[in-house]
Structures are given as structure tokens and as C-alpha cells.
Protein chains: 2
Amino acid sequence: MVQEQKTLLAAADKLKEYKIKNTPQRQVILSYLMTSHDHPSIEMIFNYVRGNGFSVSLATVYNTLQLLIDNNLIIEIAADSGGHMRYDYFEIPHYHVICVNCNKIVDVFDDKYKKNEENAQLETGFQVFNSQYEVYGVCPECQKKLAQEA
Amino acid sequence: MVQEQKTLLAAADKLKEYKIKNTPQRQVILSYLMTSHDHPSIEMIFNYVRGNGFSVSLATVYNTLQLLIDNNLIIEIAADSGGHMRYDYFEIPHYHVICVNCNKIVDVFDDKYKKNEENAQLETGFQVFNSQYEVYGVCPECQKKLAQEA
DNA sequence: ACCGCAATTGATAATCATTCTCGAATAGTA
DNA sequence: TACTATTCGAGAATGATTATCAATTGCGGT
Ligand SMILES: [Mn+2]
Ligand SMILES: [Mn+2]
Ligand SMILES: [Zn+2]
Ligand SMILES: [Zn+2]
């Protein structure tokens, strides 16, 4: 069995686990998010699905992403510099370090970061569900590039 | 001197400090963000400026906010449930706890949170400028409200 | 205090991301 | 296989944001 089929099955299983009705469009979209490290935009997702031989409309991409967000399977990451939302599979909590120069998004998996949720709960009395942390800076590659130009 | 004039002067000083050309519109917008705890939307800012007897257009509100963001004086907080961006004066770093039920935004000033930036820098080699943390949950008031309904 | 000019404002139009509509297609169930 | 609620999708509608550009204004230099 080829890799592509495996990830589709993994996505189908995840949909079943969350009692979300299984459709080809949802399988492809979810499998893309589960396996890529792209943090893709709507447009990238749309092109990916069609590029893999599945029919899909933009409306369906939007609907599917909202559904996955509501089920806490994915998150929306605030706008890249072009003003587009990015999407990310988020079953394993992590945070994002974003290069303001080249828009690269780096994952950081770090347990310490989850402690912040407990603090927030203690400070405010909120019942906390989840949280999102984004760090802005310049990536090592862009640091070199910018240093040379100067 | 009345309070309103004081905050306008404070805003004017801040603009000068950041070498941003001083205009009435910018003074009012910045003073609103500096003094309110509203985390207002574009529309709220627009109405505030006109409500205080100043002329302003939506384009100017957008332009001014982008300018203040570029100068790291304010931040944009990801969409409330109505899909509107919120804006916040951000000279003193803090993070936000957001009620998913009533959209209330609570500030938390906590030094420990800034430590996350150092960690991110160590983990990734990025040169970090700033960061934003948002926690989602249900506020104490909505917890009561929801418990009664059930 | 006045000039000169680059920067800003603002009414409006244009753009573009997102949501809505509703008939057709489909998944899940028995 | 047949039934039915759900989902899909093409295109229209919406609505937030951005672009335009002529008129106005802030401000450094004189
Ligand atoms: Mn990620
Ligand atoms: Mn705040
Ligand atoms: Zn970079
Ligand atoms: Zn609440």
C-alpha cells in the first residue's frame, strides 16, 4: 500500500473517532493537515485537493476547516504577511515561531509551554480549553541574508 | 486640564517619541487604545473618533492601526466570534484570556510569560522580537450562566 | 511667521476572502 | 437496495480591507 493511501486511511480513522461523517474531501483535507508541515493556507489546501484528483469547491474547504476547528482537531494561525489564515493539525500541542521576513513557521514542541494554561486558569478563574502561542522574529537563514545585505 | 486633553497629549508625546507624524486622527486613536481596556474593533475605534468630534474615514483608521502595529505600539488580536480583529495597546507585555461564550477579553500581566520568548529563541535560533499568547475558555460569569441553563 | 513639499486624509471605488443559497450527489443505516 | 439526513459545489452575495487620488495638513527650514 502506498503512503498516500495510508494517510487517507489514518484520516478516515480520525474522522470516525470524532464521529464526523466521512467524505473524500474531508479525508484528503485532514490527511494533508496531518502529514504536512506546511501550515497551509486555504488556497494551498484547495490546490492540494484538486491536484490529487479530487473534486472540491472553496466552500467545502471552508466548511471542512471550520468543522475540524470546532472539533479541536486543527487550529487557525493568525495571518501570514499576505493576510491569509494558516491551518495546522493540532492534536499534539505546540507553538509557532514565525519569521517576519520569509514567513516560515517553525513548530516547537515543549511541555513547559502548557503550564501557561494552568497559570491563566488560576489567575482568572476561567475554565480553560486551549491556547495558542505565536512568537515573531527572524529565522537563522534570514539573519545571515540580512547581515550580508547590510 | 480635563482628562480627555491629558490623554491626547500623552498620545502626542508617544507619537513624537516614535517619530510618527502627529495628526489629530492619530492622537485620538492612540489615546483611545492607551487608556481603554476595551480591546476595541475597527468599528468601535471609528465610532469613538467620530463620537468625540473628530473627522475620520475608515481608511484612515486602517492605515493608522497598521502604522502603530509596524511600530510595535499595538497588537492585533485574532478575531472575536464575529470575525473582527481587535486592537490593543501593547507597550507593557501581557497576554489575553478570551471567553468563547461572551467574547470578553481579560488581560493578564505576568512576568513568567515573557520567559517563553527566551525558550523559543534557544530552541530555534530565531532572533525574537515579540510574541502573543491567547488562552481560550469560559469566564466565571458564563460558567454560572451555563450551569443554570443545564 | 511664512514657504514648500512630502505625508496624510477621506470619499469612493475596487478587490478579495469568506459566507450563503439551494438543487444535486452522497454516506451511513437498516 | 432503499431511505433520509447530511454534505457537496457552482455561483451569487456579502462584507471587510485596500487602493485611488485630489484636497488638505504637519512640520522642517528659512
Ligand atoms: Mn504547527
Ligand atoms: Mn490587552
Ligand atoms: Zn526567514
Ligand atoms: Zn463569558
Side-chain angles (χ1 to χ4, degrees), chain A residues 8-9 11-30 39-71 73-87 103, chain B residues 8-9 11-30 40-71 73-74 76-87 103:
Chain A
L8 285 180
L9 285 180
D13 286 348
K14 192 58 70 180
L15 291 173
K16 188 172 288 180
E17 182 186 335
Y18 279 75
K19 304 194 200 313
I20 300 170
K21 191 188 263 190
N22 186 21
T23 72
Q25 289 77 11
R26 288 171 178 181
Q27 269 183 41
V28 182
I29 290 171
L30 182 54
H39 304 89
S41 65
I42 292 272
E43 194 187 5
M44 290 162 72
I45 295 168
F46 179 75
N47 291 332
Y48 177 89
V49 177
R50 290 211 165 168
N52 282 63
F54 293 84
S55 83
V56 79
S57 73
L58 263 182
T60 295
V61 177
Y62 278 102
N63 288 337
T64 301
L65 291 173
Q66 190 55 56
L67 184 71
L68 297 175
I69 289 170
D70 292 344
N71 281 276
L73 270 168
I74 68 172
I75 58 169
E76 200 171 46
I77 303 173
D80 62 26
S81 62
H84 300 105
M85 291 292 165
R86 306 289 214 89
Y87 298 86
N103 277 322
Chain B
L8 285 180
L9 284 181
D13 285 347
K14 192 59 72 180
L15 291 173
K16 187 172 289 181
E17 182 185 335
Y18 280 73
K19 303 194 202 312
I20 300 168
K21 192 189 264 192
N22 185 25
T23 73
Q25 289 77 13
R26 288 172 178 179
Q27 270 182 42
V28 182
I29 291 171
L30 182 55
S41 65
I42 291 272
E43 194 187 5
M44 291 163 73
I45 295 167
F46 179 75
N47 290 333
Y48 177 90
V49 177
R50 289 211 165 167
N52 282 64
F54 292 84
S55 84
V56 80
S57 73
L58 262 182
T60 295
V61 177
Y62 278 102
N63 288 337
T64 300
L65 291 172
Q66 190 54 57
L67 183 70
L68 297 175
I69 289 171
D70 292 343
N71 281 276
L73 270 168
I74 68 172
E76 200 170 45
I77 303 173
D80 60 30
S81 62
H84 300 106
M85 291 291 167
R86 305 290 213 89
Y87 298 86
N103 277 322

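Chain identifiers are assigned alphabetically (A, B, ...) following the order of the sequence lines, protein sequences preceding nucleic acid strands; residue numbering begins at 1 within each chain. Here the structure is a predicted model, which means the values were calculated and not measured.
Across the protein-nucleic acid pair, Phe46(A) atom CZ and dC16(C) atom C1' stand 15 Å apart, rounded to whole Å. Atom-to-atom, CD1 of Ile42(B) to P of dG15(D) comes out at 17 Å; the value is rounded to the nearest Å. Met85(B) places its CE atom 12 Å from the P atom of dA16(D), with the value rounded to the nearest Å. In this structure, Leu15(A) atom CG and dG28(C) atom C1' are separated by 14 Å, rounded to whole Å. Taking atom NE2 on His84(B) and atom C1' on dG15(D), their separation rounds to 8 Å, with Å as the unit. Between Gln27(B) atom CD and dT8(C) atom P the separation is 14 Å, expressed in whole Å. Taking atom CG on Leu65(B) and atom C1' on dT8(C), their separation rounds to 15 Å, with Å as the unit. Taking atom CD1 on Ile45(B) and atom C1' on dA16(D), their separation rounds to 14 Å, with Å as the unit.
No donor-acceptor pair under 3.5 Å is formed between the side chain of Arg26(A) and the backbone N or O of Thr64(A). The backbone N or O of His39(A) sits less than 3.5 Å from a side-chain atom of Arg86(A), completing a donor-acceptor pair.
Separating the CG atom in Leu58(B) from the CD1 atom in Ile42(B) is a distance of 7.5 Å, to the nearest 0.5 Å. Lys14(B) contributes atom NZ, which lies 13.5 Å from atom NZ of Lys16(B) (distance to the nearest 0.5 angstrom). Rounded to the nearest 0.5 angstrom, Leu30(B) CG and Gln25(B) CD are separated by 13.0 Å. Note that the OG1 atom of Thr23(B) and the CG atom of Leu15(B) stand 7.5 Å from one another [nearest 0.5 Å]. To the nearest 0.5 Å, atoms OH (Tyr62(B)) and CD1 (Ile45(B)) are separated by 10.0 Å. The distance from atom CG of Leu68(A) to atom CD1 of Ile75(A), rounded to the nearest 0.5 Å, is 12.5 Å.
OP1 or OP2 of dG10(C) has at least one side-chain nitrogen or oxygen of Gln25(B) nearer than 4.0 Å. Between Arg26(A) and dA27(C) there is no side-chain polar atom (N or O) within less than 4.0 angstrom of OP1 or OP2. A close approach under 4.0 Å does occur between a side-chain nitrogen or oxygen of Ser55(B) and OP1 or OP2 of dG10(C).
For the helix from dA1(C)-dT30(D) to dA30(C)-dT1(D), the terminal axes (five pairs an end, C1' atoms, rotation from four pairs onto the next four) enclose an angle of 60°, given to 10 degrees.
Across all non-hydrogen atoms, the minimal contact from Ala78(B) to Met85(B) is CA-SD, 4.0 Å. In this structure, Val61(A) and Ile29(A) approach most closely via the heavy-atom pair CA-CD1, 4.1 Å. Nearest heavy atoms, Gln27(A) versus Ala11(A): O-CB, 3.5 Å. Residues Ser57(B) and Phe46(B) approach most closely at C-CE1, 3.8 Å, considering heavy atoms.
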Grab the N/O contacts between the protein and nucleotides 23-30 of chain D below 3.5 Å, and write none if there aren't any.
| from | atom 1 | to | atom 2 | distance (Å) |
| --- | --- | --- | --- | --- |
| dG26(D) | O3' | Asn22(B) | O | 3.1 |
| dC27(D) | OP1 | Asn22(B) | N | 2.9 |

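When distances are taken from the side chain of Arg50(A) to each of dA17(C), dT7(D), dA10(D), the shortest belongs to dA10(D).
Taken residue by residue, residues 56-63 of chain A places heavy atoms nearer than 4.0 Å to DNA chain C at Ala59(A), Tyr62(A).
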